[in-house]
**Q** 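Before anything else, here's the structure in question.
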Amino acid sequence: MQMPAPIRAPTFLSKRRFFEQKLADLQKCTDLNQLKQIHALIYKSNLHEDPFVAPKLISALSLCRKMELAVNVFDQVQSPNAHLCNTLIRAHIRNSEPGKAFEVFCEMRWSGILPDNYTYLFLLKACSGLKSVKMIHAHLEKYNFYSDLFVPNSLIDAYSKCGLMGVREAKMVFDVMEERDLVTYNSMISGLVKAGELKEAKKLFDEMPQKDRVSWNTILDGYVKSGDMVSAFELFEKMPSRDVVSWSTVIFGYAKTGDVEMAKVLFDNMPVKNLVTWTIMISGYAEKGLAREAIGLYGQMEKTKLQPDDGTFVSILSASAESGLLGLGKKVHRSITKSRPKCCTVVSNALIDMYCKCGSLNRAWSVFNEMESKDLVSWNAMIHGLAIHGHGQKALHLFNRMKREGFAPDKVTFIGVLSACSHAGLVKDGIRYFYSMESDYRIAPEIEHYGCVIDLLGRGGRLSEAFRVLHDMPFEPNVVIWGSLLGACRMHNDAKLAEEVLDQLVKLVPTDAGNFSMLSNIYAAAGDWGSVANARLRMRNTAGERPSGASSIELNDEFHEFKVMDTTHPKSDKIYEAIDGLNQHLRKIAYVPSLVV
DNA sequence: CTAGGGTTAG
């Protein structure tokens, strides 16, 4: 490895100017080795308190993720000014520590340093909820910080990220503004689009005095996110000019609505692709389960100069997880290991989730154990993975270890814990954990938690109790819950309750013939053939079709797909022979597979 | 130093 040439401060230039220039260069390309040298030289020259050098040093350090050093530089300055505080605030935001950014703000006010426009710009970026934006808004009103459009524009943007209530506030700010620019309109339109108020967004778009590509792309994104690809494509064709974002947005839309062929046609014909474009297309293939195409395209991307980033890895891993594409997930894992010595928490979490969903618990476990710093998501993903693969006890052990290591469980943790109890048949423990959510952790159970408890009771054969929980809970039961109860009726052959459940399911999804098939199976198990015939008649009369079952498996990077009664596979004779053998074996140990009618 | 596209646990 070649070491960079040592840096010497020339004597003919003022040292301050020299360091300023060097640090400015470092902002463009972060080089830790060079930065360390400059850091040392600055201290040697006693310039680390210089009001022009110190902010740039903090900024450069934060880009290299050396936050302890950045804070250290800040602490050594005797009397910091607003500019220096702003730099540290932004440094914390860059390293996804919005809480620390707010701490700096508090200290600043404590020591009497007056915040300026920039302070509020950065803080608005750090806000992650309506409350914090409102707090900043109050400050702005009190000290009247509206000398330029940057502050109100950022305020609209921050409010727009806070859901429906936030958009209302954003509109109020927008309405009272006497002067607006392009960014004002674009931020407001983006907020309306995010809130799903597409009509109002379009109205504003039509009204605005001038539009740029961001305006067009924002509306385009609105149509895409609402699934209206007809309007999206119409707009795409009408646009005065298209850039890589416009193309990527439309490709994303087609991929998400399932038309990957159309997405690929646009992908192949667009002038310039970037990392996001490739990510969208590869994830699109993966989400549809098209492993060969996704892997092929991933290989093609690796041949370009583009270096996949964390966003690319997370997106493709999540798509692999959804479709159970272990081969693709492993390929991405290999390229992560090749490209960086240590993988960050978010990417490791995505790996754990992918391996769990693809059934490779061993690999998930080793990623989990080798992580440098785990967060709540890591624990939740691993607990849930163990739970749904039948390792209920191990999942609960991990839950206890997580608490011992100082992590407070959240609502997602309890989904995993309750599933663990449900799958391991630990009915009593499950109920105990459910009650402890509120009493010990102050977490209000949501409909998913009730769903877990109903599933837990149903599987345990306590059907009437499950039914009572369903009636007493503060939510309207959804398809998932009724479905789980129907499954429990099948498991314990309760035809009477199944009829009741089915009536509810028909109201919610009248076209799902599969539910009648389940009912028919319950009657068949009881030998009530008249009711079987009746259920089958009702099944035929449903409007919808019963989707034909299919499954697939990856073996040595080959992809094999099977449909019902499929005989197209070259080894299908052998496969059916093996299935018969398995069935006979299962019957011997007293398990009767459900009758497929 | 303000705005747009891909992102983890149910």
Side-chain angles (χ1 to χ4, degrees), chain A residues 27 55 59 83 86-87 89-90 93-94 116-122 124-125 148-158 160-161 181-191 193-194 212-222 224-225 243-253 255-256 274-284 308-319 321-322 344-354 356-357 375-385 387-388 409-419 446-449 451-452 480:
Chain A
Q27 307 261 343
S59 180
H83 185 205
N86 294 346
T87 317
I89 289 174
R90 190 165 57 144
I93 294 168
R94 255 187 206 146
D116 61 11
N117 288 4
Y118 296 117
T119 317
Y120 290 110
L121 279 188
F122 300 148
L124 282 169
K125 252 200 173 335
D148 60 29
L149 282 173
F150 283 68
V151 169
N153 286 352
S154 301
L155 189 60
I156 291 177
D157 181 55
S160 294
K161 287 172 181 149
D181 67 359
L182 197 55
V183 179
T184 320
Y185 277 94
N186 286 347
S187 305
M188 193 61 244
I189 291 173
S190 158
V193 159
K194 277 193 198 100
D212 67 353
R213 261 200 307 251
V214 176
S215 334
W216 285 90
N217 286 342
T218 308
I219 289 290
L220 186 65
D221 185 48
V224 162
K225 293 273 159 69
D243 60 6
V244 64
V245 177
S246 332
W247 285 90
S248 304
T249 305
V250 179
I251 291 172
F252 174 79
K256 278 283 164 197
N274 66 12
L275 204 50
V276 177
T277 328
W278 283 91
T279 307
I280 290 169
M281 197 60 233
I282 297 167
S283 306
D309 63 3
D310 291 351
T312 302
F313 292 137
V314 171
S315 174
I316 300 176
L317 286 172
S318 126
E322 202 174 305
C344 73
T345 307
V346 220
V347 174
S348 300
N349 291 347
L351 278 170
I352 294 171
D353 182 48
M354 180 277 296
C356 284
K357 296 240 169 83
D375 65 3
L376 189 58
V377 177
S378 333
W379 291 94
N380 287 352
M382 198 64 235
I383 290 172
H384 190 258
I388 57 172
D410 72 350
K411 54 182 186 167
V412 182
T413 319
F414 278 100
I415 305 266
V417 170
L418 295 172
S419 310
E446 292 181 1
I447 187 160
E448 290 86 355
H449 301 103
C452 287
V480 181

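No experiment lies behind these values; they were computed from the predicted model shown. Within every chain, numbering begins at 1; the chains are lettered A, B, ... in the order of the sequence lines, protein sequences first and strands thereafter.
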**Q** NA contact type, A:D353, heavy-atom cut-off 4.0 Å: base, sugar-phosphate, or nothing?
**A**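 The answer is sugar-phosphate, as A:D353 gets under 4.0 Å only of primed atoms, P, OP1 or OP2.
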**Q** Touch check for A:Y118, heavy atoms < 4.0 angstrom, all strands: base, sugar-phosphate only, or nothing?
**A**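 Answer is base: heavy atoms of A:Y118 come under 4.0 Å of a base.
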**Q** Under 4.0 Å, counting only non-hydrogen atoms across every strand here, what does A:N86 touch: a base, just sugar-phosphate, or nothing?
**A**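 No contact.
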**Q** What does A:S315 touch in the nucleic acid at a heavy-atom separation under 4.0 angstrom: a base, only the sugar-phosphate, or nothing?
**A**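 Sugar-phosphate contact only.
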**Q** Which is true for A:N274 with a 4.0 Å heavy-atom rule: it touches a base, it touches only sugar-phosphate, or it touches nothing?
**A**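 A:N274: base contact, heavy atoms under 4.0 Å.
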**Q** Touch check for A:K357, heavy atoms < 4.0 angstrom, all strands: base, sugar-phosphate only, or nothing?
**A**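 It contacts sugar-phosphate atoms only.
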**Q** Should A:K357 and A:E322 count as an ion pair when the cut-off is N to O under 4.0 Å?
**A**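 Looking at A:E322 together with A:K357, the answer is no, because their closest N to O distance does not fall below 4.0 Å.
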**Q** Quick one: label A:S246 by what it contacts on the DNA or RNA (base, sugar-phosphate, nothing), any heavy atom closer than 4.0 Å.
**A**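 Result for A:S246 = nothing.
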**Q** Would you please say whether a donor-acceptor pair under 3.5 Å links the side chains of A:S248 and A:T277?
**A**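 Looking only at side-chain atoms, A:T277 and A:S248 do form a donor-acceptor pair, the distance falling under 3.5 Å.
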**Q** What nucleic acid atoms does A:D243 come within less than 4.0 Å of, heavy atoms only: base, sugar-phosphate, or nothing?
**A**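 The answer is base, as A:D243 lies within the cut-off (heavy atoms under 4.0 Å) of a base atom.
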**Q** Have a look at A:V347 and say if it touches a base, only the backbone sugar-phosphate, or nothing, with a 4.0 Å heavy-atom cut-off.
**A**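 No contact.
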**Q** Using a heavy-atom cut-off of 4.0 Å across all strands, would you classify A:T277 as base, sugar-phosphate, or nothing?
**A**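 Base: the residue A:T277, judged by heavy atoms under 4.0 Å, touches a nucleobase.
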**Q** Have A:T119 and A:D116 got a donor and an acceptor in their side chains that come within less than 3.5 Å?
**A**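 Indeed, the side chains of A:T119 and A:D116 share at least one donor-acceptor pair under 3.5 Å.
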**Q** Base, sugar-phosphate, or nothing: which does A:D309 touch, judged by heavy atoms less than 4.0 Å apart?
**A**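 Answer is base: heavy atoms of A:D309 come under 4.0 Å of a base.
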**Q** Does a donor on one side chain and an acceptor on the other come within less than 3.5 Å for A:N380 and A:N349?
**A**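 No.
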**Q** For A:D310, which residues count as a salt bridge (charged side-chain N to carboxylate O under 4.0 Å, His left out) partner, sequence neighbours excluded?
**A**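 Salt bridge (charged side-chain N to carboxylate O under 4.0 Å, His left out) list for A:D310, sorted by chain: A:R340.
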**Q** May I ask you to say what A:D116 touches in the nucleic acid, namely base, sugar-phosphate or nothing, with a heavy-atom cut-off under 4.0 Å?
**A**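 If one applies the 4.0 Å heavy-atom cut-off, A:D116 turns out to touch nothing in the nucleic acid.
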**Q** Using a cut-off of 4.0 Å on non-hydrogen atoms, how would the nucleic acid contact of A:K194 be classed: base, sugar-phosphate, or nothing?
**A**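 Nothing: the residue A:K194, judged by heavy atoms under 4.0 Å, touches no strand.
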**Q** Suppose we screen for side chain to side chain contact (heavy atoms under 4.5 Å, CB included). Which residues come up paired with A:D148, at least two apart in sequence or across chains?
**A**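 For A:D148 the side chain to side chain contact (heavy atoms under 4.5 Å, CB included) partners, ignoring immediate neighbours, are A:N117, A:F150, A:V151.
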**Q** Going 5' to 3' along DNA chain B, between which two nucleotides do contacts with chain A fall, using a heavy-atom cut-off of 4.0 Å?
**A**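 Endpoints of the contacted stretch of DNA chain B: B:dC1 to B:dG10.
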**Q** Without hydrogens or angle criteria, can the side chains of A:D212 and A:S215 be said to hold a donor-acceptor pair below 3.5 Å?
**A**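 Result is yes, a qualifying pair exists.
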**Q** Across the strands shown, which category fits A:K125 at heavy-atom distances under 4.0 angstrom: base, sugar-phosphate, nothing?
**A**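 Result for A:K125 = sugar-phosphate.
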